[in-house]
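So the structure is just underneath, and the comments pick up after that.
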Amino acid sequence: MRWSKLFVPTLRDVPADAEVASHRLLLRAGYIRQLGAGIYSCLPLARRSILKIEQIIREEMDRMGGQEFYLPALNPDDIWKESGRWEAMGDNMFRLKDRTGRDLCLGMTHEEVFTSIARDEIRSYRNLPQIWYQIQVKFRDEPRPKSGLLRVRQFTMKDSYSFDIDRKGLDHSYDLHEQAYRKIFERCGLEYLVVQAASGAMGGSESEEFVVFSDAGEDWVVSCSKCGYAANLERAVSNLEQVADPDGTSQFSEVHTPGQKTIEEVSTFLKIPKSRQIKSLVLIVENNPYLILLRGDHQLSEPKLAGVLSSEIFRPAMPDEIREIFGADPGSLGPVGIKEIRVLADKALEGRRNLVCGANRDDYHLVNVTPEVDFTAPYADIREVQEGDPCSSCGTPVKVAKAIEVGHIFKLGLKYSSSMKATVLNAEGQESPLVMGSYGIGVERILAAAVELYNDDLGIVLPRSIAPYQVVITLLRPDDEEHRALAEDFYEQLNARGIDCLLDDRDERPGVKFKDAELIGIPLRLTLGRKLTQGEVEVFSRADRETVTVPTTEALEAVEKILNQFPL
RNA sequence: CGGGGCGUGGCGCAGCUUGGUAGCGCGCACGGUUCGGGACCGUGAGGUCGGAGGUUCAAAUCCUCUCGCCCCGACCA
């Protein structure tokens, strides 16, 4: 491609709305433009990158035996009502009516459609396993689209679905996906991590996320640098550092704590560490109040709590509700003497002694409160792991960091095959439900994550495999016949060698050409300029900003050699 | 949904408090000089000031409503 013909509207000024690096740079570099909140147009550079990413995905999916489909994004309501997700998806689903008033929706994911095909067409275990995939558009009416391509309402997803006759088959299909995903993210040049994850509304038992560490991400990931343990904060577990309590079991007593409400204030006032307090939270769970107890320095993990309660329908109680139930304001609550209300305590309180909690009387706290002596409550792991907690497998302090989710694999099991009655005959001639898995990759997110990961003050630095072009030939004197002829020659030959090449033949000053080439992140630049009179050209590597000068006769070899130094 | 911010040529912004001919930088077009790190000079094109209603002799500016976008939170596959 000749740059003079290519549409690359680069910007000097940064659009005011763009905050995260990938959003800012993709706009500036002329990759994308915004159409609405969470809706973006891909311009030619982005499109080329996306197509390369899709091709990598396609190759790896095909390699493991996946078969490519293409399903409609426009879905009738009936299959969604069958699976129960017409209601479950709530406001996140775009819904519309056709001219006759029938309900339709825009697909957020395609378990329903694929399951309906499998149900109708697969009759025998002999036709299993199947791995079906597509690279297709998804629509999700996100409550808050943000950060450019990272959280959008329309995006491209590679989604795949496995159908097996049994659990063992599913395990195999799942493993195939995990291996393929590793290969895909490696080939895209991403530094990624596989972490244990919560399956959320997808349902199913086991799931893992593929994440890229970045402050622009929205997932919190707990990881151990020593043993490799890694999990989404929603389900991460850790050990505890021991807290020493005073020996013996003293009778608790009330102390006056005027105006001391928060854990922090009480800690300072009574001169005891936060870890020796009991944090009392009141939640309304399906209309019933619940007292949740945590160590003073711990935070509640709502996903874990949802798991323990087998309900996601809960909310913090309002101050007036708390007053009515406890006869005290939040800030002076505790479990001692509580009878009518259900209580749940985090495991970190098990075996502790002589703690401090609220007295259920404004401005009073209790000291020397001992679980199981002064109150009883069932224990469960409902606390959120914190930075520095000892790793559950090796004891090393764990890290907690933000990450971008680029892929997610789930063992669904029977969730959709039972609700949608998808069965086949097994070897014994019995109806047997399909055992399913589902697997997703956010295609644009790979590009955005790569830009988050690899950028500098000059702009984007893309891995070779997903850069829109691998080499840009910067022709500094396009009006010089000899220079031009040589540039054209390089251009032809590089393309002939399978290297995507962009020829900057624009009538622009050198500075503009250099800045643009660096901004859009082309891995290698071949510069034809004044050194041509000595029979030399320059090869500039974007990632390390190194320039080597080589004779023109060796330029092609030099380009290939340097390109091949990138492992990507 | 709660909180905050912003809508003025393609992009970045000023003007609004105190109503009175819509401005600056970049970009764009043309001419000239330049040409290895986002050049310089000159000339020029381009704006229903997000939209609707109201107040006023007069509204970008004041009032009401409304739409959109961004950020924080809630939420979230």
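Heavy-atom basis, side chains included; hydrogens, waters and symmetry copies ignored. Treat the numbers as computed from the prediction; the structure is a model and nothing was measured.
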Residues within residues 30-41 of chain A bordering RNA chain B, heavy-atom distance below 4.0 Å:
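Contacts with RNA chain B under 4.0 Å: A/Q34, A/G36, A/A37.
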Spacing of [X] atom [atom1] relative to [N] atom [atom2], expressed in whole Å:
| X | N | atom1 | atom2 | value |
| --- | --- | --- | --- | --- |
| A/L476 | B/rG38 | CG | P | 13 Å |
| A/R525 | B/rG38 | CZ | P | 13 Å |
| A/R153 | B/rC76 | CZ | P | 18 Å |
| A/E218 | B/rA74 | CD | P | 11 Å |
| A/D13 | B/rC13 | CG | P | 8 Å |
| A/F139 | B/rC76 | CZ | P | 23 Å |
| A/R315 | B/rC76 | CZ | P | 15 Å |
| A/L11 | B/rG25 | CG | C1' | 15 Å |

Sticking with atom [atom1], work out how far [N] lies from [M], rounded to a whole angstrom.
| N | M | atom1 | value |
| --- | --- | --- | --- |
| B/rG42 | B/rA52 | P | 39 Å |
| B/rA60 | B/rG53 | P | 14 Å |
| B/rC28 | B/rC11 | C1' | 12 Å |
| B/rG25 | B/rU43 | P | 12 Å |
| B/rG73 | B/rC57 | P | 49 Å |
| B/rA58 | B/rG12 | P | 34 Å |
| B/rA22 | B/rA29 | C1' | 22 Å |
| B/rA45 | B/rC24 | P | 13 Å |

May I ask you to verify whether the side chain of [X] and the base of [N] hold a donor-acceptor pair under 3.5 Å?
| X | N | answer |
| --- | --- | --- |
| A/R24 | B/rG12 | no |
| A/D516 | B/rG38 | yes |
| A/R28 | B/rG12 | no |
| A/E538 | B/rG36 | yes |

Any sub-3.5 Å donor-acceptor pair from A/Q136's side-chain atoms to A/L71's backbone N or O?
yes
Give a yes or no on whether the backbone of A/G437 and the side-chain of A/S162 come within a donor-acceptor separation of less than 3.5 Å.
yes
Pairing nucleotide - [N], Watson-Crick or G-U, each distance under 3.5 Å:
| N | answer |
| --- | --- |
| B/rC35 | none |
| B/rG25 | B/rC11 |
| B/rU18 | none |
| B/rU64 | B/rA52 |
| B/rC30 | B/rG42 |
| B/rA74 | none |

Sidechain N-carboxylate O distance under 4.0 Å for A/D219, A/R151:
no
Side chain to side chain contact (heavy atoms under 4.5 Å, CB included) for A/D159 and A/S438? Distances and angles first, verdict last.
CA-CA 7 Å; A/D159 48 324; A/S438 106; over 6 Å; no
What does [X] touch in the nucleic acid at a heavy-atom separation under 4.0 angstrom: a base, only the sugar-phosphate, or nothing?
| X | result |
| --- | --- |
| A/E19 | sugar-phosphate |
| A/D91 | nothing |
| A/E302 | sugar-phosphate |
| A/K531 | base |
| A/R445 | nothing |
| A/P15 | sugar-phosphate |
| A/S147 | sugar-phosphate |

Nearest-nucleotide 5' precedence on RNA chain B, A/R144 against A/R140:
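Its nucleotide being nearer the 5' end, the pick is A/R144.
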Between A/R151 and A/P145, name the one whose nearest nucleotide on RNA chain B is closer to the 5' end.
A/P145
Closest non-hydrogen atom pair, A/Y133 against A/S160:
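Between these two residues, the closest heavy atoms are CB-CB, 3.4 Å.
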Return the minimal non-hydrogen interatomic distance between A/R24 and A/V14, and the atom names on each side.
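That closest heavy-atom pairing would be CG-CG1, 3.0 Å.
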Checking contacts here: which listed nucleotide (B/rC70, B/rC13, B/rG37) is nearest the side-chain heavy atoms of A/A16?
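The answer is B/rC13.
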A/T527, nearest nucleotide to its side chain (from B/rG38, B/rG36, B/rG12):
B/rG36
Measure from NZ or CZ of A/K411 to the centre of the six-membered ring of A/Y174 and say whether it is under 6.0 Å with the direction within 45° of the ring axis.
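Ring-cation test returns yes.
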Side-chain N or O of [X] versus OP1/OP2 of [N]: is the shortest distance under 4.0 Å?
| X | N | value |
| --- | --- | --- |
| A/K146 | B/rC72 | yes |
| A/R509 | B/rA39 | yes |
| A/R12 | B/rG27 | yes |

Mind telling me whether A/Y192 and A/F185 have parallel, tilted or perpendicular rings, with 30° and 60° as the class edges?
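Geometry flag for A/Y192 against A/F185: tilted rings.
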Run the ring-centre check on A/F69 versus A/F114 and record whether the distance is less than 6.0 Å.
yes
For the ring pair A/Y70 and A/H110, is the centre-to-centre distance below 6.0 Å?
no
Rounded to the nearest 0.5 angstrom, the CG-CG distance for A/L43 and A/L26 is 10.5 Å
